Amino acid sequence: MREVRDDLGRTVKIPRKLDRAISLAPSLTEMIFAIGAGDKLVGVTTYCNYPAETASIEKVGDTQTPNIEKIIALKPQVAFVSTASQLEAFTKTLEEQGIAVYVSNPKNLDEVFKDLGQLGDMFGRSAAAEDLVISLSGRASFVRHQANYHAEGSDKSVEKPKVFVQVSKEPLFTIGSDSFLTALVEQAGGVPATKDVPTAYPKLSKERAASLNPDVIILSDSDDNREPNLAFKDSKAVKNGRVYRVNADILSRPGPRLVDALEEIASKLKEKGK
Amino acid sequence: MQNRHILSWFVLIVSLLLALLLAVSLGSERLPIFDLSDSQAAIFFDIRFPRVLLGACVGASLATAGASLQALLRNPLAEPYLLGVSNGAALGTMIAFVFFEQFVFARPLLAFAGAGLATFTVYQMARSRAGMNVERLVLSGVIVTTFLSSIIVLLTSLLDAARLRGFTFWLLGDLSQSTMNGFYMTLAGVVIGTIVLTSQARPLNLMMIGERDAMDFGVEVGRVRMIVFGMASLLVGTAVAASGSVGYVGLIVPHLVRLAIGSDNRLVIPFSAIAGAIFVVLADTVARTAIAPRELPVGAITALIGAPLFIYLLKRS
Amino acid sequence: MLEAKNISVWFGNRSVIDNVSLELEPGQIMVLLGPNGAGKTTLLRALNGTVGIKGGTIELDGKPLSKLSRREIARQIAVVAQENETKFPITVIEFVLAGRFTHGAAFGWESADDIRAAENALKLCDLDEYGGRVMNELSGGERQRVVLARALAAEAKVLLLDEPTANLDLAHQALMFRLVRDRSRNAGASAIVITHDLNLASEFADHVVLLKDGKVYASGPTNGVLTKENIAEVYGVQVLLDSNPASGKVRVTTVY
């Protein structure tokens with residue numbers, strides 16, 4: 001056994017050889033697969049749908065309501081969780097069964113990279129994790145560099161586009177100052193239209209939405225969020241056809257594919273409208 | 001006596017106009033009074049104006065339904081939200097939303113049906129050989145409310161979570177999804193409902209004294225009961241289909257109206273309609289502006305005022 | 001004017017009224033007597049159609065009650081029942097105006113006639129200044145007089161009174177019976193009264209019906225019905241009978 005510190009600063013005892021783990025968050029599942037330790041996962045949530053191999057892994061309920069009996073029956077050494085909700089009772093039960101609970105809750109790209117390194121360390125995949133972080137951070141830097149060059153380079157008159165990220169159409173939810181997507185949009189070369197609105201995912205007044213008049217609207221793609229809210233009907237984004245759908249999974253999961261999201265947003269921001 | 005009524009009508013209607021004026025002049029965006037730009041005009045006419053109008057209709061519907069159910073059930077604590085009528089309408093709306101999304105009228109129709117069914121169930125549960133007492137009615141309402149809530153939770157768990165995500169917010173009462181169509185539908189409900197219920201105000205005055213007394217003095221009690229249940233369900237159904245369950249309006253407003261002008265339903269019912277409109281319009285103005293540009297659900301504001309009043313009334317009764 | 005022929009009432013599978021017949025004539029005061037549970041209130045309720053009958057017929061002015069609407073019945077028959085408390089602040093005048101429901105349209109406001117009738121009824125019941133007071137703030141006796149005033153305001157030909165004097169002081173008991181009697185003498189209005197006070201019954205009744213276990217035990221003029229034997233059989237108490245020195249009517253004294 002050895003001691004590590006998780007993202008909440010808790011000291012967690014982890015076996016030196018970790019070969020049975022469960023993940024209670026899709027983002028963590030993706031991270032563990034990305035460092036090549038997916039075969040160590042014996043249980044994941046029903047939301048874990050990426051990569052395809054997750055389909056054959058035992059499901060232990062969803063993130064909010066994991067099935068604790070099932071978790072214990074799977075005899076994992078460590079449970080990886082992303083949320084502190086109900087942590088106390090949950091952790092106590094699992095620890096009585098000799099199952100360690102490790103909290104990984106990255107809030108931005110850099111923390112994703114840091115947590116990938118820690119996971120690599122725990123699963124004995126340090127080298128793979130390091131390679132992955134180098135590659136991912138390289139791609140991210142390239143996007144950031146390009147975005148800044150694009151805006152501040154030769155043509156000073158080109159302004160950064162104002163970007164509205166629509167999380168849900170009705171009621172109208174968006175991203176606020178505390179969301180990692182706000183930082184991501186900035187890195188992609190856009191100005192997040194709602195970056196000063198408090199909290200991570202606020203319900204926004206439609207009056208404000210209409211008066212924001214964004215250049216670009218990004219829809220977190222899901223059944224109830226295929227079009228921009230009617231409040232945007234006269235916005236530049238709608239008039240110029242600059243409304244884009246981006247896979248909701250890569251937007252909502254602070255994992256390795258956040259870099260995909262960054263690239264995708266950056267490329268959309270470079271597109272010309274009608 | 002008649003002169004006093006005319007004065008009351010005047011005061012209420014002027015207050016309503018002032019409340020509407022205040023509501024349309026406040027919002028998360030500051031708009032000039034004259035010379036609106038195109039985008040400002042869009043904010044005013046497409047977003048703020050329909051929302052204020054819908055809020056007025058929802059308030060009028062819920063307060064009228066509350067006032068007449070109270071007279072019918074002889075209980076000032078009867079309230080559409082607390083009796084489970086709103087939840088019945090919410091479940092109806094949800095079923096329409098999930099299974100009949102393509103039909104425009106499915107939402108109000110099923111909301112109406114759900115409200116009617118919930119009303120009837122509570123009534124059947126609350127009446128006993130000994131008549132209907134406060135505790136029995138409140139308890140029946142709690143049971144029906146929680147039963148319907150659990151079905152709603154069950155449906156949200158079974159069905160695609162993403163599609164119903166907005167629903168949980170909406171259930172608390174939310175006017176942000178206002179459209180002119182929603183307004184027209186609720187307006188139709190409130191006009192029909194208020195007129196029909198006001199026409200039953202005199203028999204309701206007798207029923208408020210006692211069902212048996214009303215029968216003795218010539219009221220067709222069964223018919224009046226059917227009309228009131230039907231119209232209250234229509235009012236709650238159309239209001240909930242448009243804005244979710246805004247709670248306690250039907251409790252607070254008729255109570256205040258009775259304090260001001262007494263318990264004659266010929267005044268209480270139409271006055272509750274106007275005062276309900278004023279109340280929800282003002283509550284929603286708070287919801288829209290308190291933490292702008294973010295928003296609160298209007299149901300949270302009304303419940304904040306209504307729940308303590310409910311406790312006070314229960315203690316006193 | 002109100003006639004019941006062989007009527008029976010069942011609550012579930014229990015017979016409450018069994019084959020009762022009676023006929024109320026214009027201007028007549030009929031008193032229903034009998035111990036608790038004899039079926040007096042049920043019979044009274046059946047007579048205005050608010051309790052359903054299983055057998056027999058009830059006719060009002062020769063028309064079967066079952067063919068009349070509640071409104072048509074209430075136009076002819078007014079009721080003074082035990083008042084149940086209301087949680088709403090209803091004023092005395094509003095309460096009394098409920099008696100005018102069958103006059104004029106079913107909706108809208110009361111006419112000047114209605115107001116006049118209500119105020120007059122209040123005056124008759126010694127409640128001149130009570131119109132604006134709230135029902136819940138009155139004493140039991142005052143409320144009972146308001147209930148009587150409501151029935152008087154209806155200006156119906158028949159009054160049905162269920163223990164109208166239960167909460168009243170001596171003066172108001174006498175006032176109530178005088179009111180009922182004056183109406184029958186002067187306006188030809190008739191009344192059926194339930195009471196436990198055998199002396200009041202004797203004093204005011206033209207006709208007495210003595211009920212026992214849902215059946216008519218004895219019926220007729222006071223002297224024939226209020227006999228020692230009948231009272232002993234129906235109530236199970238011994239009484240002495242003599243005559244009231246003021247009126248000459250039968251006076252009943254219980255022997256304890």
Side-chain angles (χ1 to χ4, degrees), chain A residues 26 45-47 49 61-65 164 166-178 193-214 219-226 229-239 247-249 251-252, chain B residues 24 26-31 36-52 97-98 101 153 157 159-182 243-244 284-285 287-298 300:
Chain A
T45 71
T46 49
Y47 295 153
N49 55 0
D62 61 37
T63 306
Q64 281 82 38
T65 53
F164 185 89
Q166 181 176 300
V167 174
S168 139
K169 183 181 170 207
E170 289 289 2
L172 179 61
F173 279 93
T174 185
I175 57 170
S177 56
D178 298 347
T194 51
K195 65 176 177 200
D196 297 325
V197 180
T199 72
Y201 299 99
K203 174 175 182 263
L204 192 73
S205 117
K206 289 183 183 174
E207 297 186 7
R208 173 60 56 89
S211 69
L212 284 173
N213 193 14
L219 305 173
S220 168
D221 194 15
S222 65
D223 272 356
D224 61 346
N225 199 35
R226 291 269 145 82
N229 189 289
L230 275 179
F232 293 115
K233 66 179 168 44
D234 299 324
S235 68
K236 282 183 270 180
V238 169
K239 279 185 182 149
N247 183 335
D249 288 346
L251 283 183
S252 59
Chain B
V24 296
L26 292 176
S28 72
E29 304 312 293
R30 197 178 284 249
L31 302 177
L36 293 158
S37 70
D38 283 356
S39 66
Q40 287 170 329
I43 290 176
F44 187 82
F45 289 108
D46 295 346
I47 298 170
R48 192 179 295 176
F49 200 58
R51 178 164 179 166
V52 170
F97 179 72
V98 174
E101 210 183 345
V153 171
S157 316
L159 297 164
D160 185 5
R163 268 183 76 198
L164 293 173
R165 193 169 35 181
F167 236 82
T168 37
F169 205 87
W170 175 86
L171 277 176
L172 270 172
D174 178 25
L175 283 164
S176 80
Q177 300 179 40
S178 314
T179 57
M180 282 314 268
N181 281 342
S243 69
D284 190 48
T285 305
R288 287 184 294 127
T289 52
I291 55 164
R294 289 179 294 154
E295 285 187 344
L296 296 164
V298 64

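These numbers were taken from a predicted model, which means no experiment stands behind them. Residue numbering restarts at 1 for every chain, and letters A, B, ... go by the order of the sequence lines.
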Just by modelled atom types, is the Ser176(B) backbone N or O under 3.5 Å from a matching donor or acceptor in the Lys206(A) side chain?
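Checked: pair present.
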Under the 3.5 angstrom rule, does the side chain of Glu207(A) hit a backbone N or O of Gly27(B) as a donor-acceptor pair?
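It does not hold such a pair.
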Please step through side chain to side chain contact (heavy atoms under 4.5 Å, CB included) for the pair Leu204(A) and Glu295(B), ending with a clear verdict.
CA-CA 6 Å; Leu204(A) 192 73; Glu295(B) 285 187 344; over 6 Å; no
Nearest-0.5 Å distance, [atom1] of residue [X] to [atom2] of residue [Y]:
| X | Y | atom1 | atom2 | value |
| --- | --- | --- | --- | --- |
| Asn213(A) | Ser39(B) | CG | OG | 7.0 Å |
| Leu230(A) | Asp46(B) | CG | CG | 8.5 Å |
| Ile47(B) | Asn229(A) | CD1 | CG | 7.5 Å |

Output the option from Arg294(B), Gln40(B), Arg48(B) having the highest count of non-hydrogen pairs under 4.5 Å with chain A.
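Of Arg294(B), Gln40(B), Arg48(B), Arg294(B) has the most heavy-atom pairs under 4.5 Å with chain A.
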Please determine whether the number of non-hydrogen atoms from other residues, nucleotides or ligands lying under 6.0 Å from atom CZ of Arg226(A) exceeds 12.
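Atom CZ in Arg226(A) is crowded, with more than 12 foreign heavy atoms closer than 6.0 Å.
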Does any part of the side chain of Leu296(B), heavy atoms only, come nearer than 4.5 Å to the side chain of Lys203(A), both counted from C-beta?
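In short, these two side chains do not touch, never coming nearer than 4.5 Å.
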Region of Arg288(B) in contact with chain A, defined by heavy-atom distances below 4.5 Å:
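Just its side chain gets close to chain A.
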So, for Arg208(A) and Ser28(B), which heavy atoms are closest and what is the spacing to 0.1 Å?
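Here Arg208(A) and Ser28(B) meet closest at N-OG, 3.5 Å.
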If I measure from the heavy atoms of chain B, does Lys233(A) come under 4.5 Å with its side chain, its backbone, both, or neither?
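It is the side chain, since no backbone atom gets that close.
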Pick whichever of Ser211(A), Ala210(A), Gly176(A) has the most heavy-atom pairs under 4.5 Å with chain B.
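Greatest number of close heavy-atom pairs with chain B: Ser211(A).
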